[in-house]
2 protein chains.
Amino acid sequence: MGLSKAAMSGIARDLIALGVLHETETVQGQGRPSILLDLHPEGAFFVGISLLEDPAPLVLSDFNGNILARQTMPLSRDPGVIAGLIADALPKLLSGRKDAKRKLYGLGVALSGFVDERQANCVQSTLLGWQDVPLAQIISQKCGIDTFIENDAKAVAVSEKLFGSARDVQNFSVVSFDDGIGCAHFIGGKLYRGNHGGAGEIAHCTIEPGGSPCRCGKRGCLDTVASLKAIREMAKAEGLSCHSIEDLETEAARGNAAAVRVLHRAGNALGLAIAHLIQFNDPGMILIAHVEGRFDGLFGTVMRQTAEANVLPRYAGQTPIRTHRVDRDVWARGAASIAAHNFLIGPTPN
Amino acid sequence: MGLSKAAMSGIARDLIALGVLHETETVQGQGRPSILLDLHPEGAFFVGISLLEDPAPLVLSDFNGNILARQTMPLSRDPGVIAGLIADALPKLLSGRKDAKRKLYGLGVALSGFVDERQANCVQSTLLGWQDVPLAQIISQKCGIDTFIENDAKAVAVSEKLFGSARDVQNFSVVSFDDGIGCAHFIGGKLYRGNHGGAGEIAHCTIEPGGSPCRCGKRGCLDTVASLKAIREMAKAEGLSCHSIEDLETEAARGNAAAVRVLHRAGNALGLAIAHLIQFNDPGMILIAHVEGRFDGLFGTVMRQTAEANVLPRYAGQTPIRTHRVDRDVWARGAASIAAHNFLIGPTPN
DNA sequence: ACCATAAGTTCAGGAAATAAACAAATCAAC
DNA sequence: GTTGATTTGTTTATTTCCTGAACTTATGGT
């Protein structure tokens with residue numbers, strides 16, 4: 001942070017007194033051992049909500065990203081109704097934790113769509129049918145808590161940066177692999193949202209020119225070949241009875257040519273998109289977060305091979321591609337981390 | 001900058017006294033008019049050198065990016081020889097400008113290859129046959145001037161941000177279109193170099209899977225289809241006698257099917273790469289800097305159409321794609337701006 | 001037991017930002 | 001014209017906060 005030893009000493013003392021930091025382990029070396037500091041788990045609490053599924057999950061998260069409680073509420077497309085449902089669900093979520101109630105410093109919402117850079121307004125969401133909805137304001141007025149909203153993939157990226165495996169990586173991209181494909185970039189240690197909030201929308205990059213029509217209006221989007229939904233549909237079109245990647249992998253291992261074809265085509269598309277990501281942005285890590293599916297079979301192998309084969313040979317293998325199976329709570333946890341990030345760092349300047 | 005009126009007042013006064021800033025025009029409005037400040041052209045001078053051609057151009061630039069003098073020197077692959085040649089060329093370049101000699105605050109070098117984040121070492125350059133060459137140190141020792149080196153496209157991007165049409169754009173990408181294709185990103189107002197210095201290397205993204213072999217070892221790289229060199233070679237392969245884009249455009253306008261084919265293929269490839277750039281990074285502007293060629297004919301039209309057709313329809317037309325014909329001095333001017341940037345902003349922290 | 005090494009604290013001195021009052025320059029309205 | 005509103009830009013006392021240097025603490029090595 002460019003501060004002297006003395007300044008850090010004072011700031012750390014204050015933050016420990018505030019209950020935000022606490023001393024963890026000591027590290028031995030030459031000389032007096034260092035005492036490591038970390039966020040105090042009970043220093044602050046946040047609520048995260050995912051509007052990606054029905055019923056919508058709500059989680060209570062501590063300052064280390066641990067989930068302390070979990071609730072669900074029905075999904076609605078009406079912002080006012082959503083705010084009311086959240087307000088109703090909060091007491092149950094916080095019940096029995098009076099410190100959490102007192103130190104509840106923020107609320108985050110993850111949704112599919114575009115969000116403005118103030119993380120306050122939903123500019124557009126096809127899934128929710130929204131256009132310029134000031135969701136953060138509506139919720140914070142109803143619930144009396146600082147509220148921030150964010151795109152699903154970007155929320156997961158922030159979560160990985162704050163609490164996950166990307167803590168020490170300055171530049172990385174998260175690919176969220178589910179029914180649809182999302183992506184978000186961290187650049188220079190900060191979330192990069194793009195000039196219109198569209199950075200990372202790799203789902204609709206053209207990966208098979210002239211390929212299958214996409215719901216976006218174009219053809220050959222990555223989403224039409226590599227998403228879970230696309231894989232299911234390709235399997236169906238091939239006349240296969242199985243739907244999930246797991247089943248397809250089993251079939252492929254048995255030598256079913258149609259299953260091999262589907263997994264190859266999907267893995268190839270995703271691998272090419274990741275290769276482009278590496279060539280364009282040279283991230284320090286690519287993290288694929290998937291709720292379902294497997295990346296240790298043919299699909300994953302083809303994906304990795306294609307990714308390696310389509311970057312400058314000099315760079316092949318230089319960018320770690322990690323796959324990370326996550327539970328259904330990623331989105332809600334990601335949402336909570338958006339609130340935590342705003343509490344920690346504050347709103348972005350400019 | 002997050003500073004109070006009073007603080008700005010004092011800082012501005014000091015900088016004007018130092019000769020770095022000066023008052024330019026006054027702007028009328030309600031109340032007392034504002035006095036705009038700008039860098040004083042004669043507040044600082046920089047030298048820029050391009051190692052991209054033989055003979056290598058050297059320019060003397062003022063603090064507004066204007067070129068005051070120009071020299072050339074033979075190109076060498078030996079860092080020590082280069083340092084010596086620069087030291088020899090400097091007196092001529094500065095002759096007759098004693099203020100420039102006194103206020104020469106930096107020297108920049110543009111080259112084709114990878115540079116580390118301290119802008120001091122050339123990690124690798126195929127063109128120059130280098131591997132981990134501490135060029136900045138070698139030159140600064142010989143010449144006694146603070147020296148910084150940078151990749152060619154990244155240098156042009158910094159130049160556009162400091163002095164060109166991207167002054168007020170926080171997020172943009174520059175595509176340098178020449179014998180080869182280069183690219184660099186500004187993100188959040190800062191040059192983003194990537195984790196290995198490879199951000200923006202779009203030349204070797206696979207744009208025609210299974211296409212022509214590339215000197216990098218892969219196939220179907222953008223460089224094999226859309227660069228000036230590739231266009232010349234495709235024209236030759238089509239049996240056309242003309243080489244330049246200008247001639248091909250003339251032929252295409254006359255109805256020459258082969259010329260149309262070549263321009264279509266190249267424009268399509270560049271357009272698709274730009275579409276990917278928009279989908280992945282959502283920049284506020286894309287600036288194509290070209291020394292030769294034309295973008296107002298078939299080639300440019302196909303490029304723009306393909307770019308528009310391959311981004312999310314919602315975003316089509318939202319990202320300005322500007323083409324900008326530049327003279328041969330861009331690289332040297334860009335190099336000078338790297339030195340200016342380091343004088344203005346200082347080295348990147350972290 | 002002693003020294004070297006590094007972590008962490010204390011405190012005086014100083015650099016730099018702020019707030020608030022003030023001065024200056026224009027426009028709009030009467 | 002004159003007056004008042006409005007906004008820019010400056011001044012100065014005050015406050016905040018950082019640094020440097022000396023000091024204390026805790027460990028490993030010899």
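Throughout, protein chains are lettered first and strands after them, A, B, ... in sequence-line order, and every chain is numbered starting at 1.
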Check: Can you check whether B/Val169 reaches B/Glu160 side chain to side chain, under 4.5 Å on heavy atoms?
Finding: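 The answer is no; the side chains never approach within 4.5 Å.
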Check: Is any side-chain nitrogen or oxygen of A/Ser9 closer than 4.0 Å to OP1 or OP2 of C/dG8?
Finding: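 For C/dG8, neither OP1 nor OP2 has a side-chain N or O of A/Ser9 closer than 4.0 Å.
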Check: Partners of A/Asp14 by side chain to side chain donor-acceptor pair (under 3.5 Å), sequence neighbours excluded?
Finding: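 So A/Asp14 forms no side chain to side chain donor-acceptor pair (under 3.5 Å) with any residue.
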Margin query: Please pick, from C/dG8, D/dG29, C/dC27, the nucleotide with the shortest atom-to-atom distance to any side-chain atom of B/Gln30.
Written below: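 Shortest atom-to-atom distance from the side chain points to C/dC27.
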Checklist line | ring-ring contact (aromatic ring centres under 6.0 Å, His included) partners for A/Phe172, two or more places apart | finding: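 Here the qualifying residues are A/Phe186.
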Checklist line | B/Tyr105: ring-ring contact (aromatic ring centres under 6.0 Å, His included) partners, not counting sequence neighbours | finding: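 Testing B/Tyr105 for ring-ring contact (aromatic ring centres under 6.0 Å, His included), a comparison that skips the adjacent residues, returns B/Phe343.
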Next item on the list: Identify, between B/Pro33 and A/Gly10, the residue whose nearest nucleotide on DNA chain C lies closer to the 5' end.
Entry: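 Of the two residues, A/Gly10 wins.
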Next item on the list: Give every residue pair that meets the ring pair (Phe, Tyr, Trp, His ring centres under 6.0 Å) criterion with at least one member in residues 19-38 of chain B, sequence neighbours excluded.
Entry: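 For residues 19-38 of chain B, and leaving out neighbouring residues, the ring pair (Phe, Tyr, Trp, His ring centres under 6.0 Å) pairs sorted by first residue read B/His22-B/His40.
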Item checked: Contacts of A/Asp329 that satisfy salt bridge (charged side-chain N to carboxylate O under 4.0 Å, His left out) - sequence neighbours left out ->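 Listed in chain order: A/Arg70.
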Next item on the list: Specify the separation, in whole Å, of atom CZ of B/Arg32 and atom C1' of C/dA25.
Entry: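 It is 6 Å, rounded to the nearest whole Å.
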Can you give me every donor-acceptor pair (side chain of residues 132-146 of chain B, partner residue at least two apart or in another chain, under 3.5 Å) with its distance?
| unit_1 | atom_1 | unit_2 | atom_2 | d |
| --- | --- | --- | --- | --- |
| B/Ser140 | OG | B/Ala136 | O | 3.4 |
| B/Ser140 | OG | B/Gln137 | O | 3.3 |

Next item on the list: Output every pair passing salt bridge (Lys or Arg N to Asp or Glu O under 4.0 Å) with a member in residues 24-47 of chain A, not counting sequence neighbours, ordered by first then second residue.
Entry: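 Found A/Asp38-A/Arg167.
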Is there any protein nitrogen or oxygen under 3.5 Å from a nitrogen or oxygen in nucleotides 17-20 of chain C, and what are the pairs?
| unit_1 | atom_1 | unit_2 | atom_2 | d |
| --- | --- | --- | --- | --- |
| C/dT18 | OP2 | B/Ser4 | N | 2.6 |
| C/dT18 | OP2 | B/Ser4 | OG | 2.5 |

Next item on the list: Could you list by number each residue of residues 13-29 of chain B showing a heavy-atom separation from DNA chain D of less than 4.0 Å, or answer none if no residue does?
Entry: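 B/Arg13 - these, ordered by number, are the residues of the stretch whose heavy atoms sit under 4.0 Å from the strand.
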